[in-house]
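I have placed the structure first, in the form of structure tokens, so that the comments after it can refer back to it.
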Amino acid sequence: MVNAALFCLYSYFAHSNFLLPQLFLYFFEKLQVVFFLEPVTGMRQAVGMLDFSPIDYKAELNEEQFAAVTAPPGPALVLAGAGSGKTRTLTYRVAYLMLEKRVSPQNILLLTFTNKAAREMIQRVMELTGAQYPPSYGGTFHSIGGRLLRRFGRSVGIEPNYNILDQGDAEALMSSIIKELDPGYLKNKDNPKPNVVSSIISYSINTDTALREVVRQRYPWGDAALTGRFEKFAKVYRERKLQLQVADYDDLLYYWLKMLKEDEETRNYLREKFQYILVDEYQDTNIMQSEIIDLIGHHHNIMAVGDDAQCIYTWRGAVFENIRAFPDRHPGTRIYKIVRNYRSSPQILSLANKVLEAQPATAGYFKELVAAKEDNLTPYVVPLLDSVQQGQFLAQRIQGLYDEGYALKDIAVLYRAHYQAVDAQLELTRAGVPFVITSGVRFFEQAHIRDFIAQLRVINNPSDKPAFERLLGLLPRVGPATVEKILKAADLEREKARRANISAEDTLFETAPTEAGDIFSALLKPTVVAKVPADAKADFKQLAQTLCELNELFEDGRSRTSAARLVQRGIDGWYGDYILTAYSNGEERREDLEGLINFAEKFDTLSEFLSQVVLLNSETSNRSVDPDEDTVRMTTVHQAKGLEYPVVFVLGCAEDLFPLKRAVESGSVDEERRLFYVAVTRAMDQLYLCFPMMNKTRGGAIRTEPSRFLTELPPDCYEKVGFRPTRY
DNA sequence: CGTTGACTTCTTTTT
DNA sequence: GAAGTCAACG
């Protein structure tokens, strides 16, 4: 009961905090810089750079960094510890290649894991070089893969107008396939749910492990029949996606790799094009990603940057063996170690080093980071009664820090999982400390955005049935079954129209080759409308009308503003009215859609726009946080990777919370420890490790032990402090 | 039969 | 908030 209430509150905060239009605009503007700028000619680039003052590499980099930045061609492995200036090294390297080696940005492939990292790096490269255009192939593995497939994917069955499914879409598709193939499957509650099936199949692809094997690991009790069913689901899922011309996240890598393996022409073209390959966070690459890099990087001109101590994505297939085996796969690899740390105080660093020391000695490249900063405070360990008191401590200490002169935006609160921060959020709110949660519901993931986007998805790719389902399902009394009927009827009409057109051409051959019977105009045919339930008929007609208009507009022109114009037209159409009646805060949501117009303006084609909407879908709202806004930042450790803050609080340093119970049970304590390492190395001056002694569970509170990550530490590397709440 | 609404349960991490 | 479950409605 109480829990439910907390969740409501939590959700409320998660939603109310950042959906202010101003922040939105900020967000959209930020994005504009980076994505999809047209490649430019080398000439323009060169001219752009001439009037820019040269970089003094020696002065701006330390020795270790300098060596890596100015490395000769050939394979290079840069082992850059936390806070050692990894991004700096990488960006200077790109600048060095462009300015000193006169490499055209078109010949550089810069791969990262997150959109945020890509954005920051490209931004900095542009600042450094004074270039107006960034490397046109800089971005996440997934977004680059998606773009290359759009252009070259035909050989592996991907048409240029394919749509990308986000995780939710993918799971929905899986679910409908399971229902269709094996209606009895879902009846048995012991069977893994569709989303679990989806994740198992995904894991099998990302690790290149037979499905059989993954099922055996995760479901030791599962029998051969279960495995057989999974294999069937996976097979049909793969076929269906090709039929519908949709691709999930994994496909962006899977088909990219397939294309490189099978399509010699494209492979050679890309090898020729990408003379210089740079990879960030190499320790988090999975097997497909490393293969992709090796295939394109036939010339071995690859710079891989990473830190095996920070590998925290094995759960989605990352293998840090990749980083260890890099020199084997690329003979003549030069290894550059960067261990001088400019971020953290010596005290924090020594604690971080101890965290790694507790790691079983299973090799790895480095270890000790060397402090460059002055002495500062010893990290604190703060035992607290429970998570409520933890929140009170947080609020009180933050107010103290504020009085001491720290800006709130210099303070970060990190936790293992989002739900662990609920009480802290309540207490901060109660104390009037402003904060932003950099997680929770994502902008593009909100129902109304996805519904609206579904219209554009079907326009871009009429075979995208899941999008049709989503869209038509909005109408009253229309569910999957009715959608099926409607689409069938529409298909018939389209077929009829097509035949009529062909025969017309046969007889009168001057007949204009009108786009014979598209699915959208077919929707308006009486036989189709007849399938729509009475309550929904009016809405349906308007929706179909809007789709026809959108389609016409789309077919008409692929002018520069087409994506934005389509969005505008969509808002003017049926959905714009629908949204006002469908939601109590319809006005607000409509404004969100208006925001989409600005965003869409940055894209040439609808396909590109849709891709980015999906790929940024995973981009959480924290990227929309105005960096100047003075609020405390609350985020998961995963999301904090790559960031730094003067003051860091780590919540829930207790067994079962961090390391998370589930992780311990599945035997991934080492990864949890690396994650803890990532958490503590975010801190620059002050680090607070909070340990709640009670853990609320369903039914009651149980006593918790301090996290093994605390007890593993020698007591002299932290100071224990007590906390007495001033009020209840 | 399919859809709806009221009900419960759930939240690891992300492209 | 969202997704899944179940009974009752059209």
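Protein chains get the first letters and strands the later ones, always in sequence-line order, with residue 1 at the start of each. Because the structure is a prediction, the values reported are computed rather than measured.
Contact annotation for A/F141: no contact, since no heavy-atom pair falls under 4.0 Å across all strands. Within 4.0 Å of A/V637, counting heavy atoms only, lies no atom of the nucleic acid at all. A/P476 comes within contact range of the sugar-phosphate backbone alone, with a heavy-atom separation under 4.0 Å but no base atom that close.
Atom CG of A/D423 and atom P of B/dT11 are 19 Å apart (whole Å). Nucleotide B/dT14 holds its P atom 16 Å from the CG atom of A/L615, rounded to whole Å. Regarding A/I164, its CD1 atom lies at a distance of 20 Å from the P atom of B/dT14, rounded to whole Å. Taking atom NE2 of A/H638 as the reference point, atom P of B/dT11 lies 17 Å away to the nearest angstrom. Taking atom CD on A/Q612 and atom C1' on B/dT15, their separation rounds to 12 Å, with Å as the unit. A/Y415 places its OH atom 18 Å from the P atom of B/dT11, with the value rounded to the nearest Å. For A/K661 and B/dT13, the NZ to P distance is 18 Å, given to the nearest whole Å. If you take CG of A/N195 and P of C/dG4, they are 7 Å apart, rounded to a whole angstrom.
Side-chain atoms of A/R316 lie closest to B/dT14 of the nucleotides B/dG2, C/dT5, B/dT14. Comparing B/dT12, B/dT14, C/dT5 against the side chain of A/T636 picks out B/dT14 as the nearest. Taking every side-chain heavy atom of A/A481 into account, B/dG2 is the closest of B/dG2, C/dT5, B/dT15. Closest to the side chain of A/R416, out of C/dG4, B/dT13, B/dG2, is B/dT13. The side chain of A/Y419 sits closest to B/dT11 out of B/dT11, B/dT15, B/dT13.
Shown here are the salt bridge (Lys or Arg N to Asp or Glu O under 4.0 Å) partners of A/D539, two or more places apart in sequence or in another chain: there are none. Residues meeting the side chain to side chain donor-acceptor pair (under 3.5 Å) test with A/K531, sequence neighbours left out: none.
Within the structure, every side-chain polar atom (N or O) of A/S668 is placed at least 4.0 Å from both OP1 and OP2 of B/dT13. Regarding contacts with the backbone of B/dT3, a side-chain N or O of A/T482 is found under 4.0 angstrom from either OP1 or OP2. Put simply, A/Q167 has no side-chain N or O that comes within less than 4.0 Å of OP1 or OP2 on B/dT14.
Note on A/D284 versus A/K641: salt bridge recorded, some NZ/NE/NH1/NH2 to OD/OE distance being below 4.0 Å. Using a 4.0 Å cut-off between charged side-chain N and carboxylate O, A/K488 and A/D491 make no salt bridge.
Each of A/F113 and A/P480 lies near DNA chain B, and the nucleotide nearest A/P480 is the one positioned closer to the 5' end. Across the interface with DNA chain B, nearest-nucleotide mapping of A/L675 and A/L475 shows A/L475 to be the residue nearer the 5′ end.
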Quiz item: Should A/E672 and A/R416 be marked as a salt bridge (Lys or Arg N to Asp or Glu O under 4.0 Å) after you check the CA-CA gap, both sets of side-chain angles, and the distance that decides it?
Solution: CA-CA 9 Å; A/E672 295 286 303; A/R416 176 62 181 85; 2.8 Å; yes
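Stacking annotation: A/Y313 is not stacked on the base of B/dT13 (requires ring centroids less than 5.5 angstrom apart and an interplanar angle below 30 degrees).
Cation-pi geometry between A/R238 and A/Y254 is met: under 6.0 angstrom from the ring centre, within 45 degrees of the axis.
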